[in-house]
There are 2 protein chains.
Amino acid sequence: MSPDPASPLSVGLNAVILAVTEERPRILVVEGTGESAHADTLPFGPLDPRGDRTLELTLRGWVRERTGLELGYVEQLYTFGDRDRGFHRATSGARVLSIAYLALVRETGTPEADNAQWKDVYDFLPWEDWRRGDPPLVRNTVVPALERWIRSADGAEAKRERRLRAEITFGLGGSDWDSDRVLERYELLYGAGLVHEAVRDRGLPEPPDPELPLGRAMALDHRRMLATALGRIRGKIRYRPVVFELLPPRFTLLQLQRVVEALAGMGTHKQNFRRLVERQGLVEGTGSLESRTGGRPAELFRFRKEVLRERRTPGVGLPGR
Amino acid sequence: MSPDPASPLSVGLNAVILAVTEERPRILVVEGTGESAHADTLPFGPLDPRGDRTLELTLRGWVRERTGLELGYVEQLYTFGDRDRGFHRATSGARVLSIAYLALVRETGTPEADNAQWKDVYDFLPWEDWRRGDPPLVRNTVVPALERWIRSADGAEAKRERRLRAEITFGLGGSDWDSDRVLERYELLYGAGLVHEAVRDRGLPEPPDPELPLGRAMALDHRRMLATALGRIRGKIRYRPVVFELLPPRFTLLQLQRVVEALAGMGTHKQNFRRLVERQGLVEGTGSLESRTGGRPAELFRFRKEVLRERRTPGVGLPGR
DNA sequence: CCCCATATACTCACAATGAGTATAAGTACC
DNA sequence: GGTACTTATACTCATTGTGAGTATATGGGG
């Protein structure tokens, strides 16, 4: 990041590296520096204009160097380049462009390096986990705070607009919860001053409610990047077989289901989930059994590559679409 | 673009501006400069680090300035930053980063400005239009050329890989054509040396077949950006009501259907299309009639905003998903 | 008035989906 | 060795969605 004082523009790469361990989505964060010393920070690296041929190779390179991780699946997420990305004091004036990437890995234990560590995604976005029904946090804290935000708008028209937006993004007033709208929800909460970054960036007063601001903060606009990543992967598992990047080569159907549910933040009907992945031809049995299930042993399955040729959209399918 | 000689990195914005006119998807191109003087070029502008607060505002600004167009729907597409993006002679050494955006407008006639003009999208990507069944170009030219490309691989394993990739992206050998895989198809054709840009960038010999290289070339890697845009919009119309950005406020169902088909590059069943958009609540009748249909007058419909609250994925739905 | 074109209503078979019941086969504990 | 508990797996059923088609309505042009 450290912008060259001669140039008002600097460009860096950020990585949202996700894994799923014991039914919890995890993200790799490093210790911040300077202004953000105490906030969790996404791994980042400079873009060396004379370096690797592709941006993705650059990313893989410094992730390997700094964390010892060999990335598997990598895709570009979004380029963040607005002014005021939480830089108001740190780098006033300079423009920082961040090209964010999503990467999926199998968490293998403690990362080798530096100050990198795995943390729970839902510590940062606690309103996103609906696996056990609507979270009390949403019911007791988020919704009332949104109601206050709606009422505080100037004029009836502005109030109507805020209400509509809140209803759509948070599934209120008859709308259904759409698990994919992670970024929209974060941005609404940011705009409503309900996350710490908004308090920080706009110098708002700390709200009195101990549950507010919501979730755990990250440095700069990194939580926005995490939200972008979670939304992207939630959408993608429906039509591309990306979940398997997070699983060992052989797995039980329940393991597969738990990983999907962890990402999607919602539960699924066991028998229907099973029917779906089998009938689609997404997986195939290996014949061998896993007996440490706590119940009847389960067959071990593997991803069935041929499905790529057979199906236009080989994904896992979640309820409500 | 014009890279600062002191800095080996320059950053610009590119816009893929789409409209649909008379059942043909159209793209706004400008005349190239320098190396690309004769190739169609996407509108682009520099990123002024001290300029507008957001990248999107910057984009809207210079599009307005240079073409007189007021953009409606805008979304970021992708950031292209690999070396060798068709710059091998023009700007050797310097790294150029291009943040590409997709914009949708209603074509209003000749653009006001500069050297901007509308051209048919399918002139650049002729293998993408399947509205009248599989295009002869695909059957007679693309497929045989892909076969040659597969055979020319070194070793059985490499041949198998090429065949699998060709079958998936082009819907051969039992696979279905997936209209969304526009970028994958362009990249395969580029890699196989079947588009002019590949010939240009890699100094390949011009193929003897008059149908090759395929389609009309664009400057630099702009055709890749167009392919990215077309793939994105094809995916998006299924679950977000973006088509209406391309239509007048009131339209007949056939007009709506034709615009969708033009984008998707495939035909739809008229009665089922109608049933879908009406039952979803995506449109509502206005009561008035359009009589210049050539047959029985059709009712004029409008987009029904309430659907955003009612449906998680308010889109038009295409066959085969 | 007849032909032609488009609009609109309705039918039907079949596939996909959401929800649930029933049964199988292990482990833990007494 | 039996019983409770846990997970796996098979199967049913109602409802909805999808692909394909037939039938009828209503305009314009000769």
Side-chain angles (χ1 to χ4, degrees), chain A residues 22-23 133 176-177 179 238-239 250-261 264 266-301 307 310-321, chain B residues 23 130 133 176-177 179 238-239 250-261 264 266-301 307 310-321:
Chain A
E22 284 165 13
E23 314 193 356
D176 290 321
W177 176 266
S179 62
R238 295 174 205 279
Y239 63 92
R250 308 194 322 159
F251 45 82
T252 69
L253 291 182
L254 188 58
Q255 283 175 336
L256 173 61
Q257 186 184 357
R258 293 304 184 213
V259 170
V260 169
E261 290 176 338
M266 56 194 304
T268 59
H269 181 114
K270 184 169 178 170
Q271 296 90 324
N272 290 349
F273 180 87
R274 179 194 176 85
R275 174 177 66 189
L276 203 81
V277 295
E278 282 199 282
R279 285 245 277 250
Q280 277 210 68
L282 202 64
V283 296
E284 61 191 352
T286 62
S288 37
L289 296 180
E290 166 67 67
S291 46
R292 289 161 304 177
T293 55
R296 171 173 167 180
E299 184 168 8
L300 285 166
F301 287 76
V307 76
E310 299 160 1
R311 298 238 157 215
R312 248 185 300 230
T313 58
V316 288
L318 290 170
R321 279 277 155 109
Chain B
E23 313 193 357
W130 284 56
D176 291 322
W177 176 265
S179 63
R238 295 175 205 279
Y239 63 93
R250 307 192 326 157
F251 45 83
T252 69
L253 292 183
L254 189 59
Q255 283 174 334
L256 173 60
Q257 185 183 358
R258 293 302 184 217
V259 170
V260 168
E261 291 176 337
M266 56 195 304
T268 59
H269 181 112
K270 183 169 178 170
Q271 296 90 324
N272 290 348
F273 180 87
R274 179 194 176 85
R275 175 178 65 189
L276 203 81
V277 296
E278 282 200 282
R279 284 246 276 252
Q280 277 211 72
L282 203 63
V283 297
E284 62 191 351
T286 63
S288 37
L289 295 180
E290 165 67 67
S291 46
R292 290 159 303 177
T293 56
R296 171 174 166 179
E299 185 168 7
L300 285 165
F301 287 77
V307 75
E310 298 160 1
R311 299 239 155 213
R312 250 185 300 231
T313 58
V316 288
L318 291 169
R321 281 275 156 111

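Proteins get letters first, then strands, A, B, ... in listed order; numbering begins at 1 in each. This structure is a prediction, so every number in the text was calculated from the model and none was measured. What you see below is based on every heavy atom in this structure, not just the backbone, and it leaves out hydrogens, waters and symmetry mates.
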**OP:** Please determine, for the side chain of A:P319, which listed nucleotide (C:dA7, D:dT9, C:dG18) has the closest atom?
**Re:** C:dG18
Original post:
Which is true for A:L276 with a 4.0 Å heavy-atom rule: it touches a base, it touches only sugar-phosphate, or it touches nothing?
Top reply: sugar-phosphate
Original post:
Which residue lies toward the 5' end of DNA chain C, A:S291 or A:R279, if each is placed at its nearest nucleotide?
Top reply: A:R279
Original post:
Rounding to a whole Å, what distance do you find between B:R311:CZ and D:dT16:P?
Top reply: 12 Å
Subject >> Gap between atom CZ of B:F301 and atom CZ of B:R250 - 0.5 Å precision >> reply: 11.5 Å
Original post:
Rounded to the Å, how far apart are A:H269 NE2 and C:dG20 C1'?
Top reply: 7 Å
**OP:** Could you state the atom-to-atom distance from CG of A:L300 to P of D:dT9 in whole Å?
**Re:** 10 Å
Subject >> Closest-nucleotide 5' rank along DNA chain D - winner of A:Q255 and B:G294 >> reply: A:Q255
**OP:** Could you work out which one of C:dA19, D:dT26, D:dT9 sits closest to the side chain of A:A298?
**Re:** D:dT9
Original post:
Where the side chain of A:Q280 meets the backbone of A:L282, is there a donor-acceptor pair that is under 3.5 Å apart?
Top reply: no
Subject >> Sugar-phosphate, base or nothing in reach of B:T293, heavy atoms under 4.0 Å >> reply: sugar-phosphate
Subject >> B:T252-B:E299 side chain donor-acceptor pair, cut-off 3.5 Å >> reply: no
Original post:
Can you tell which of B:R274, B:Q257, B:R258 makes a side-chain hydrogen bond (donor to acceptor under 3.5 Å, both in side chains) with B:T268?
Top reply: B:Q257
Original post:
Between B:K270 and C:dT6, is there a side-chain N or O to OP1/OP2 distance below 4.0 Å?
Top reply: no
**OP:** Mind checking B:L289 for me? I need base, sugar-phosphate or nothing, with any heavy atom below 4.0 Å counting as a touch.
**Re:** nothing
Original post:
Between B:R296 (CZ) and D:dT26 (C1'), how many Å, whole number?
Top reply: 5 Å
Original post:
CG of A:N272 versus P of C:dA16: gap in Å, rounded?
Top reply: 13 Å
**OP:** For B:F273 and C:dT6, give me the distance from atom CZ to atom P, rounded to whole Å.
**Re:** 17 Å
**OP:** Take atom CD of A:E278 and atom C1' of D:dA8, then tell me their distance rounded to the nearest Å.
**Re:** 11 Å
Original post:
Between the base of D:dT18 and the side chain of B:Q271, is there a donor-acceptor distance below 3.5 Å?
Top reply: no
Original post:
What nucleotide, of D:dT9, C:dT17, D:dG19, holds the atom closest to the side chain of A:E299?
Top reply: D:dT9
**OP:** Measure distances between side-chain N and O atoms of B:E290 and base N and O atoms of C:dT6, and say whether any donor-acceptor pair falls under 3.5 Å.
**Re:** no
Subject >> Side chains of B:V316 and B:L276 in contact at under 4.5 Å (non-hydrogen atoms) >> reply: no
**OP:** Please round to the nearest 0.5 Å and tell me the distance separating atom CG of A:N272 and atom CZ of A:R279.
**Re:** 10.0 Å
Original post:
Separation of B:R312 atom CZ from C:dT17 atom C1', in whole Å?
Top reply: 13 Å
Original post:
Quick one: does A:R275 reach the base of C:dG18 with a side-chain donor-acceptor pair under 3.5 Å?
Top reply: yes
Subject >> Nearest-nucleotide pick for A:R274, side chain only, options being D:dT9, C:dG26, D:dT18 >> reply: D:dT9
